[in-house]
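Notes to accompany the following structure.
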Amino acid sequence: MPNSHPTSKLWRPWTPIAQQAGAMRIVEAQGNRVRDAEGNWYLDGISGVLNASCGHGHPALIEAATRQLRQLVHYDLMVSSHDPAETLTARLAGILPGELNETCLLNSGSEATEAAIRIALQYWRNIGENRNRVITFETGYHGSTFLAQQLSGLPFTMSEWDRPFPVDHVTVPTSPRDARTEEACDALIARFSDALENGTPAAAVMVEPLLGLGGCVVLPAGFLTRLRQLCDRHGTLLVIDEVLCGFGRTGRMFGFDHDGITPDIVTMSKGISSGYVPLAAVTVTTPIKDSFRREPIAQGLRYGHTTGGHAVASAVANTVLDVMAEEKLVENAAAQGGELLAGLRKLEPNPLIADVRGLGLMVALETDGPESGEAIATATAQAGVLTRHERGVIRIAPPLPLTSEQTTEIIEAVATAADLAAAARH
Ligand SMILES: Cc1ncc(COP(=O)(O)O)c(C=O)c1O
């Protein structure tokens with residue numbers, strides 16, 4: 001069976017037009033492994049689309065989806081309600097801190113961003129202030145819808161269209177390698193402080209707990225605590241994007257748990273349903289939702305999608321929470337993530353490797369450039385482990401039930417690949 005689709009009519013997203021054909025054909029996935037059309041099995045070092053956090057083909061998740069498909073596929077949440085969505089939103093209120101109690105369910109991370117920004121901007125109108133400026137990291141990423149795309153300054157994500165509202169980007173003052181130091185924390189906070197002070201009062205600051213697409217940049221410990229204080233001083237809403245980090249990826253339930261803060265708005269997707277069915281959520285504090293009682297034309301939230309909060313997706317997400325607790329996946333992500341990082345750090349003397357960083361089971365190898373990144377990622381796949389290479393950075397984010405033997409398997413595959421790539425260079 002050919003391993004690519006030479007006559008493919010599929011327009012693959014985020015892929016240069018010249019590279020549309022020739023993609024690897026994945027035909028099956030079980031547990032932490034996937035199989036291609038030629039029958040090769042790989043350790044899935046990237047969890048599907050960074051989302052299959054419970055692993056593939058999990059019997060409990062398949063059973064939850066099947067049971068819900070038989071009972072009720074979905075029903076209109078604009079005129080009715082259903083138990084899977086009610087249960088999920090109640091459980092999210094239970095695991096999120098403080099007054100983060102009110103959840104709108106959507107389909108994708110970008111939609112969660114869209115909803116979060118619309119809610120934040122409308123909130124200020126509801127309470128009689130006309131704030132509309134948003135501050136983000138220049139190398140942050142919050143999605144690809146028209147609105148979500150405005151929030152990133154990453155060149156490869158941008159389109160040349162005018163912004164519907166002002167966005168100010170804060171740059172990381174150091175190299176990614178030096179970004180996790182205490183001095184970097186001071187410099188980062190100084191830049192966010194400048195951004196808040198210079199310009200009209202900001203409606204919201206939106207950040208990821210770790211800059212995922214922007215190079216897997218681990219932010220300094222205490223940064224979110226100080227950013228929370230800064231936002232409080234300016235009365236600005238703090239929106240945390242947990243689309244990638246949420247649901248155990250970083251070794252805590254949420255990325256912001258490392259700093260113990262309570263955001264005003266949280267966006268979630270990917271791990272929420274372990275990628276089995278599309279689902280996303282935006283949770284806001286009770287006062288933010290309550291402000292919509294004063295919303296000028298009394299239409300409530302002017303945002304939503306036909307399949308948002310789909311009953312099957314919500315039923316799966318409820319079971320994801322059960323699986324995570326039963327299999328202690330958050331704890332396992334912390335333990336295996338620690339082993340993986342320590343093992344990969346031993347490769348730092350390799351001249352092609354510039355930095356090894358990570359948090360929980362979100363680990364990255366920064367190489368000396370895209371050529372080395374591509375060579376190491378390709379050789380790692382040939383050694384049986386799939387990773388994701390982008391612009392010189394190789395991201396490794398395996399499913400959270402990773403075993404200690406599989407952690408070793410990843411380290412050995414990457415080590416072999418890095419040695420081969422270094423030898424080929426000389
Ligand atoms: C941090 C973050 N936010 C938002 C998104 C957008 O999510 P989606 O691709 O589901 O629209 C992503 C996607 O990778 C992400 O990593």
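Numbering of ligands and ligand atoms starts at 1, following listing order.
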Under 3.5 Å, which donor-acceptor pairs do the side chains of residues 260-269 form with other protein atoms, sequence neighbours left out?
| from | atom 1 | to | atom 2 | distance (Å) |
| --- | --- | --- | --- | --- |
| Asp264 | OD2 | Arg228 | NH1 | 3.2 |
| Asp264 | OD2 | Arg228 | NH2 | 2.9 |
| Asp264 | OD2 | Leu238 | N | 2.8 |
| Thr267 | OG1 | Asp241 | OD1 | 3.4 |
| Ser269 | OG | Leu279 | O | 2.7 |

Polar side chain donor-acceptor pair, Asn40 to Asp36, under 3.5 angstrom = yes
Examine the side chains of Arg249 and Ser53 and answer whether a donor and an acceptor come within less than 3.5 Å of each other.
-> no
Kindly write out the residues that satisfy side chain to side chain contact (heavy atoms under 4.5 Å, CB included) with Ala184, not counting sequence neighbours, or none if the list is empty.
-> Thr174, Thr181
At a 4.0 angstrom heavy-atom cut-off, ligand 1 is contacted by Ser108, Gly109, Ser110, Tyr141, His142, Gly143, Glu208, Asp241, Val243, Leu244, Lys270
What residues, two or more places apart in sequence or in another chain, satisfy side chain to side chain donor-acceptor pair (under 3.5 Å) together with Asn101?
-> Thr286
Any chance the side chains of His58 and Ser274 put a donor and an acceptor closer than 3.5 Å?
-> no
